[in-house]
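For reference, the structure is listed below as structure tokens.
Just so you know, these numbers use all the heavy atoms, side chains as well, and skip hydrogens, waters and symmetry mates. Just so it is clear, the model here is predicted, and its values are computed rather than measured. So you know, we letter chains A, B, ... as the sequences are listed, proteins then strands, and number each from 1.
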Amino acid sequence: MTSSVRIAAWNVNSLTVRLPHVIRWLQDQEKANAPIDALCLQELKLTDEKYPHRALEDAGYLSLAAGQKTYNGVAIILRKAALAPIASDIETAFLKPIRNIPGHIDEQQRILAATICFKGMQPMRIISAYFPNGQSPDSEKFQYKLSWLGALQAWLKDELAQNERLALLGDFNIAPSDDDVHDPKAWEGQNLVSPPERNAFQSLLNLGLVDSFRMFEQAPKTYSWWDYRMMGFRRNAGMRIDHILLSKALEKNCSYSKVDKQPRTWEQPSDHAPVIAQIQSN
DNA sequence: ATGGCGATATAGTATCGA
């Protein structure tokens, strides 16, 4: 029997507001016979005490979260039915958990990593990441973004040395190429597309990771984020800044990678759409 | 078109996101 898992990332822009969207989306994928087995969330904007563990467990999912008040916050949500029998609760489902980049002192909750044992699969290292926004290249926040990217790269090198099967998923706040930007002329040199950011993205690929989306033929002008303002979504004035990067061992088993625009059409949506990749067992 | 929308912390108006 060949089995497969689908892993996904979604910046929900407040889980307090978007919990119904998350549950609806997970259930829609189940009904479509393509259930999401690991969903990495970004921008929870809530503390760990307020994380809706109960509602997600009732829907059939186990969560590990790293939250904070008001800003940031990341989680990994696992479909219980997809887990190996030994992975039955939070402690056994999320092995070797790591919050934040080790050695990088930071109040902001942007990284959550864990090793997951799915049924019929080799263990997989999954990292939910919310990269800093950066604001603009001349701001202090941009310097923070670049130093954060440096720390991430150094840590990922270690993680890859220890975990052959690794996926980095989340909101990268970087559009890797002009094909990922609706209006590259207008955005040239700006935050999300500037050369230092794109170089940092390339440095991640140089560690041995691949942008799963670009492994496959894709419709042009496919994006993962659209500004709430100016009817960004209706005009498809977007950017592809949410990514799933795979190590070589996962790359060779990846059978598709896509963006699901559907939740962006719903009432009171997040400004991001989820991205999905499917990994075969071998 | 340098605002526009939306969430949060608040109680009229800030900050932040991308």
How is [X] classified with respect to the nucleic acid when contacts are heavy atoms under 4.0 Å: base, sugar-phosphate, or nothing?
X      : result
A/N173 : sugar-phosphate
A/N72  : nothing
A/F131 : nothing

Rounding to an integer number of Å, can you tell me how far [X] [atom1] sits from [N] [atom2]?
X      : N      : atom1 : atom2 : answer
A/N13  : B/dT8  : CG    : C1'   : 10 Å
A/N11  : B/dC5  : CG    : P     : 20 Å
A/Y228 : B/dG3  : OH    : P     : 22 Å
A/H272 : B/dC16 : NE2   : C1'   : 12 Å
A/K45  : B/dC16 : NZ    : P     : 12 Å
A/W266 : B/dG6  : CH2   : C1'   : 18 Å
A/K145 : B/dG17 : NZ    : C1'   : 11 Å
A/D271 : B/dG4  : CG    : C1'   : 14 Å

Do the side-chain N or O atoms of [X] get closer than 4.0 angstrom to the phosphate oxygens (OP1, OP2) of [N]?
X      : N      : value
A/K141 : B/dC16 : yes
A/Q42  : B/dG17 : no
A/R229 : B/dG17 : no
A/K69  : B/dA9  : yes

Salt-bridge present (A/D37, A/K119; N to O < 4.0 Å):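 A salt bridge is absent here (no side-chain N lies under 4.0 Å from a carboxylate O).
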
Residue whose nearest DNA chain B nucleotide is more 5′ - A/T70 or A/M239: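 Looking at DNA chain B, the more 5' nearest nucleotide goes with A/T70.
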
First encountered from the 5' end of DNA chain B, between A/V17 and A/Q135: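 The residue closer to the strand's 5' end, by nearest nucleotide, is A/V17.
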
Non-hydrogen atoms of A/R18 and A/Q268 that approach each other most closely: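 Taking every non-hydrogen atom into account, NH1-O, 2.8 Å.
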
Euclidean distance for P, B/dG4 against B/dT15 (whole angstrom): 14 Å

Euclidean distance for C1', B/dG17 against B/dG3 (whole angstrom): 15 Å

A/S63 OG to A/L112 CG distance, which is reported to the nearest 0.5 Å: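 So the OG of A/S63 and the CG of A/L112 are separated by 10.5 Å.
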
Distance (rounded to the nearest 0.5 Å) between A/L41 CG and A/Y51 OH: 5.5 Å

Ring center gap for A/W10 and A/W25 short of 6.0 angstrom: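 Between A/W25 and A/W10, which both carry aromatic rings, the centre distance is below 6.0 Å.
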
